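Everything below concerns the one structure shown next.
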Amino acid sequence: MSTNDIKHYPCSSCGADLLFEPKDGMLTCPYCGHKEAIAESAEPVEEQSFEQHLNIRPEQMTALATNALEVKCQSCGATSIFMPPEVAGRCEFCGVQIVAQPKSADPILTPGGLLPFCVTQDQASTELKHWLSTRWFAPNGLKQFAQPEAIHGIYLPFWTYDASTRTDYTGQRGEHYYETETYYEQDAQGNQVQRTRQVQRTRWYPASGTVLGAFDDILIPATQSLSTDHLEALEPWGLEQLKPYDPAFLSGFKAQRYQIDLGEGFDRAKETMAPTIEGDVRADIGGDEQQIDSLDMNYYDVTFKHLLLPVYAGAYRYNGKVFQIVVNGRTAEIQGDRPYSVWKIALLVLAILVLILIIIVAINAGK
Ligand SMILES: [Zn+2]
Ligand SMILES: [Zn+2]
């Protein structure tokens, strides 16, 4: 890497590195307060061809920014990418201090777009403090999260896919009809009496056909560092506000390198599409009941976007387990794991028992 490649955002009035400020979306000098706007790209966030990128070679990919560094967490394996003056620091996902030496970032599929942070670190910390104060029986150690440095801004990697589908199916259509059935019953006097009732039956007819489908922006996380539950609970993201990717948005933040690649992400998107396709097939078969014998799903015109979405994340270790907290960098929505303090619960139970004992003693003394 030649030095003139290096992309810095120097402050034009003092030379320090400008950092992205979520409050106003400007590059801001942390020392003198000088602000510069990020040039708004006129190009929309474009869909890219899945076919063309599926077997892309590393030399056809690019780094997130020319001076980007990356470091892999020795404990959980997450790789984060950042630009100087940002440092590796503590791993957002497992809480260990990262000791590995950052190296220049490996090329990746360039993000098509991102949602810039609009929640500041201070706002995220305030929300977090409130969240923590409402957690009963949390161990005291959890309070360390109330420190502003406990969580850190990081962009998480996602894929979105668009696809057209064509599904050939075979199956059976079930139509209900009713038959009169005769049965015997004992009446009140103990006599056997003959009665009739209507019984529903199903007549099956072979069915086959083709259904077409179109899917738009199926969002698939490309990170494995946070639970699916937490990631889903952070939605909605407001993807209609996506901005075309510009490394300037990363200044002062980290970005996680995708752990689920483009092809694997599409396999997950297929799982997301399957229930809808199956529903369409059932509707196409019609009748009162349906049986699906075979489904041949074909996907075409598949396009994708690699997206970066902003969170403040941090991890806390308690009794050898990792507890994660994540704050949506757009909406300040908090999702987190929380440990229970066995001691605090035991003390409360003890206090209640003592109270009951005192009441019993008092009642007996009054007799
Ligand atoms: Zn400055
Ligand atoms: Zn880690």
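Positions are given from 1 along the sequence. These figures come from a predicted structure and were not determined experimentally. Each ligand, and each atom within it, is numbered from 1 in the order the structure gives.
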Can you check the angle at the Zn ion (ligand 2) formed by SG of Cys94 and SG of Cys73? Round it to the nearest 10°.
100°
Angle at the Zn ion (ligand 2), SG of Cys91 to SG of Cys76, rounded to 10 degrees, please.
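Nearest ten degrees: 110°.
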So, Cys32 and the Zn ion (ligand 1): N/O/S under 2.8 Å, yes or no?
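So Cys32 does bind the Zn ion (ligand 1) by this criterion.
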Distance from Gln335 atom CD to Glu232 atom CD, nearest 0.5 Å?
10.5 Å
Calculate the angle formed at the Zn ion (ligand 1) by SG in Cys14 and SG in Cys11; 10° precision is enough.
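Here the angle at the metal atom is close to 110°, to 10°.
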Where Leu219 and Trp237 come nearest, the two heavy atoms and their spacing
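Distance-wise, the nearest heavy atoms are CD2-CD1, 3.9 Å.
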Looking at His176, I want to see if its NE2 is surrounded by more than 12 non-hydrogen atoms of other residues, nucleotides or ligands under 6.0 Å.
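Check passes, neighbour count above 12.
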Other residues, nucleotides and ligands only: do more than 12 of their heavy atoms fall within 6.0 Å of NZ on Lys321?
no
